[in-house]
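The structure displayed is predicted, hence computed values, not measured ones.
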Amino acid sequence: MGKNLYITTAIPYVNGTPHVGHAVDYLLADIWTRYQAQNGKRVRFQAGTDEHGNKIAAKAAEEGLDPKAYADKMYINFQNFIKKVGASNTDFIRTTDPHHEGAVQWIWQKLLPYIYKGKYEGWYCTGHEAFFTDKEVESLNGTCPDHQKPFERIVEDNYYLKASAFTDQIRDAIEKNKMRIVPEYRKNEFLELIKDGVKDVSISRPKKSLSWGVPVPGDPSQVIYVWVDALPNYLTVLGFPDHPEWQDYWPAEVQVIGKDILRFHAGIWPAMLLGMGVALPKTLLVHGHVNVGGAKMSKSVGNVVDPNQVIDEYGVDAFRYFFSRHIPTQDDGDFTWEKFETAYNTELGNDLGNLVQRVSSMITRYQSGVIGDAPQAEHDMQPYRLAMEELKFNEALDCVWANVRNLNQYIDSVKPWEVAKNKDNDKDAEEHLAEILATAVGTLLQVADLLVPFLPNTAKYIHDTFESGAIKDQGRMLFPKIYKHTADPRAPKTQGGQVAKEQPAEQK
RNA sequence: CGCGGGGUGGAGCAGUCUGGUCAGCUCGUGUGGCUCAUAACCACAAGGUCGCAGGUUCGAAUCCUGCCCCCGCAACCA
């Protein structure tokens, strides 16, 4: 039938709290999922958590828990967060699921022809019992600050995956768009990166340096490192390899990832799939990062934006709106509270919310709430569809707002309030008025349809208001004004129209 | 010579591949209109040497050359 589609999101490391980056992942996948579902497709939408590794073990120890108990406590944060952003995932996987762990070992064995033993060399801290990257070691001047000991250069036995064997196949798949990397410039970037070939990658650690993870089959002294453990989640969540239903959804139509993990998803992951003889995903959608006021979000700078706060203060639809329209799907975006609030008040409040209000109010006032036959709106929605297909969600929303704007213009040009003055003694005027308002409703219903993937609650509000043929009061306004970060124009003008400045940010 | 992205009215961007119809859009600002509406909506206006310097061309934001500046990335960080 070709009706089954599958979309995935990166699984965050469970140590830590959900942040804006995760939200972008979930949002993009959710928008796509709802869009496809609206078009009659059956979609599975995966999310999950990565729960193995030293950092988890360390954090757990700090809290006096065993690693699994710690993960059990933490993964809930992500499940709750996914609900909070309104994501409609159908599946959730934890890398500590027994089925997953078993599948990972199965995969390891399947990949044996491409696995060889090698040496791993790196900077090691005996206090942490962990390796550090060259960059970290350099920035710390070669000494571990926690243990006051110099990092040691050590060599240990590792298993390696011969990813290099698949260089040609991977390059070919990317170049021919059999595995499409979107946007195009990311594709070029990656091809440039592997021009000398895909590098083999270390896929295990001695048990002594990686305590919390899946054992290597047949070698209890080694534990499977993150790649072979985490990446296969996209398959195992579907039941791979033992439940054949996984084949109903794989290969994934879209895998949503951040720009920082492209190289793993375009290199190591395809190598594993090819090694197993499993099809490659059709599309990797690479999104950018969210900056704040032009600067990288970082804990040390203290400019981290908590998505929970945004949602709590402005509502989930407002959050989804800003992050899908003003954070470009395929590029980095910029968040500031001022920008966010301006978009909320002007675009959501003035343009859309007010439009819904003015139409329903006229119908209530002039026609006692009776709408009559709303004609099918006939706006050309090709640009919207095209943008959705090209995974440029922000551009699709631009199209919706063009509709909103057009309707506002239309209403101003036909002036229903003028027409209404004659409706009681002029049959034509009465009919004309009804026609105008029904046309407006038709457009609004279409707008609501187009908003379903993005702002499901708002779409429902509009549908509920107009759908039944009579105005149904929803008992609340859409997007009432909020002025926390921008000047309130309704406030009495003071000297220079200034509003009391925000308290300077406390130093953290 | 590491790789990549970018420099367009106050802000954020589109346009650059396929030179002219390109100087466009949103926000902000000003003026006017309207009154159905969430002080909203609609119209109009002000404001730009399209990073700099050369070159190609009848004609360049758009092609070529050189230079300046900003920002990411550089392997396990969404």
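- Under the Watson-Crick or G-U wobble criterion, with both distances below 3.5 Å, B:G72 is paired with B:C3.
- With distances taken from any side-chain atom of A:Gln409 to the nucleotides B:G72, B:C42, B:C76, the minimum falls on B:C42.
- Taking atom CG of residue A:Asp334 and atom C1' of nucleotide B:G72, one finds them 14 Å apart after rounding to whole Å.
- Here the two rings, on A:Phe322 and A:Phe335, have centers that are under 6.0 Å apart.
- Classification of A:Arg358 and A:Asp412 as a salt-bridged pair holds, one side-chain N sitting under 4.0 Å from a carboxylate O.
- Between the P atoms of B:A23 and B:C27, the separation comes to 23 Å (whole Å).
- Under the Watson-Crick or G-U wobble criterion, with both distances below 3.5 Å, B:C44 is paired with B:G30.
- Toward the 5′ end of RNA chain B lies the nearest nucleotide of A:Met477, the other residue of the pair A:Asp412 and A:Met477 mapping further downstream.
- Rounded to a whole angstrom, the distance from the P atom of B:A45 to that of B:G2 is 50 Å.
- B:G48 and B:A11 are spaced 14 Å apart, taking the C1' atom of each and rounding to whole Å.
- Summarising the geometry, the separation between CG on A:Asp260 and P on B:C71 is reported as 20 Å, rounded to the nearest angstrom.
- Per the geometry, CD1 belonging to A:Ile261 stands 14 Å off P belonging to B:C76, to the nearest Å.
- Set against B:G28, B:C41, B:C36, the side chain of A:Trp417 has B:C36 as its closest nucleotide.
- Whole-Å rounding puts the A:Asn394 CG to B:A14 C1' distance at 12 Å.
- For the pair A:Ile411 and A:Tyr225, both in contact range of RNA chain B, the more 5′-proximal nearest nucleotide belongs to A:Ile411.
- A:Asn354 places its CG atom 7 Å from the P atom of B:U38, with the value rounded to the nearest Å.
- A salt bridge does not link A:Asp488 to A:Lys481: none of the charged nitrogens lies less than 4.0 Å from a carboxylate oxygen.
- The phosphate of B:C27 (OP1 or OP2) has a side-chain N or O of A:Arg405 nearer than 4.0 angstrom.
- A donor-acceptor pair shorter than 3.5 Å can be found between the side chains of A:Asp200 and A:Tyr116.
- Taking atom P in both B:G51 and B:A46, the straight-line distance is 23 Å, to the nearest Å.
- In this structure, A:Glu338 places its CD atom 14 Å from C1' of B:G12, rounding to the nearest Å.
- Straight-line distance between the C1' atoms of B:C63 and B:C58: roughly 16 Å, to the nearest whole Å.
- Computed from coordinates, the A:Met362 CE to B:U38 C1' distance equals 14 Å when rounded to whole Å.
- The side chain of A:Asn350 contributes no N or O atom lying less than 4.0 Å from OP1 or OP2 of B:U38.
- Nucleotides B:A61 and B:G55, compared at atom P, are 15 Å apart to the nearest Å.
- Taking atom C1' in both B:C70 and B:U8, one finds a spacing of 15 Å when rounded to whole Å.
- Between A:Glu347 and A:Arg325 there is a salt bridge, with a side-chain nitrogen of the basic residue lying less than 4.0 Å from a carboxylate oxygen of the acidic one.
- Listed candidates were B:U35, B:C76, B:A75. Nearest to the side chain of A:Lys199 is B:A75.
- A:Val290 comes within contact range of at least one nucleobase, with a heavy-atom separation under 4.0 Å.
- Nearest to the side chain of A:Glu347, among B:U26, B:C36, B:A78, sits B:U26.
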Dump the intermediate steps for side chain to side chain contact (heavy atoms under 4.5 Å, CB included) on A:Asp334 and A:Thr336, then the final yes or no. CA-CA 7 Å; A:Asp334 194 52; A:Thr336 66; 4.0 Å; yes
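- Between B:G24 and B:G47, the distance separating the two C1' atoms is 15 Å to the nearest Å.
- Here the C1' atom of nucleotide B:A39 and the CZ atom of A:Phe479 are 20 Å apart, to the nearest Å.
- Closest to the side chain of A:Thr346, out of B:C76, B:G28, B:G12, is B:G28.
- Counting only distance, with no hydrogens or angles, the side chain of A:Gln330 and the backbone of A:Arg186 share no donor-acceptor pair below 3.5 Å.
- Taking every side-chain heavy atom of A:His289 into account, B:A78 is the closest of B:A75, B:A78, B:C36.
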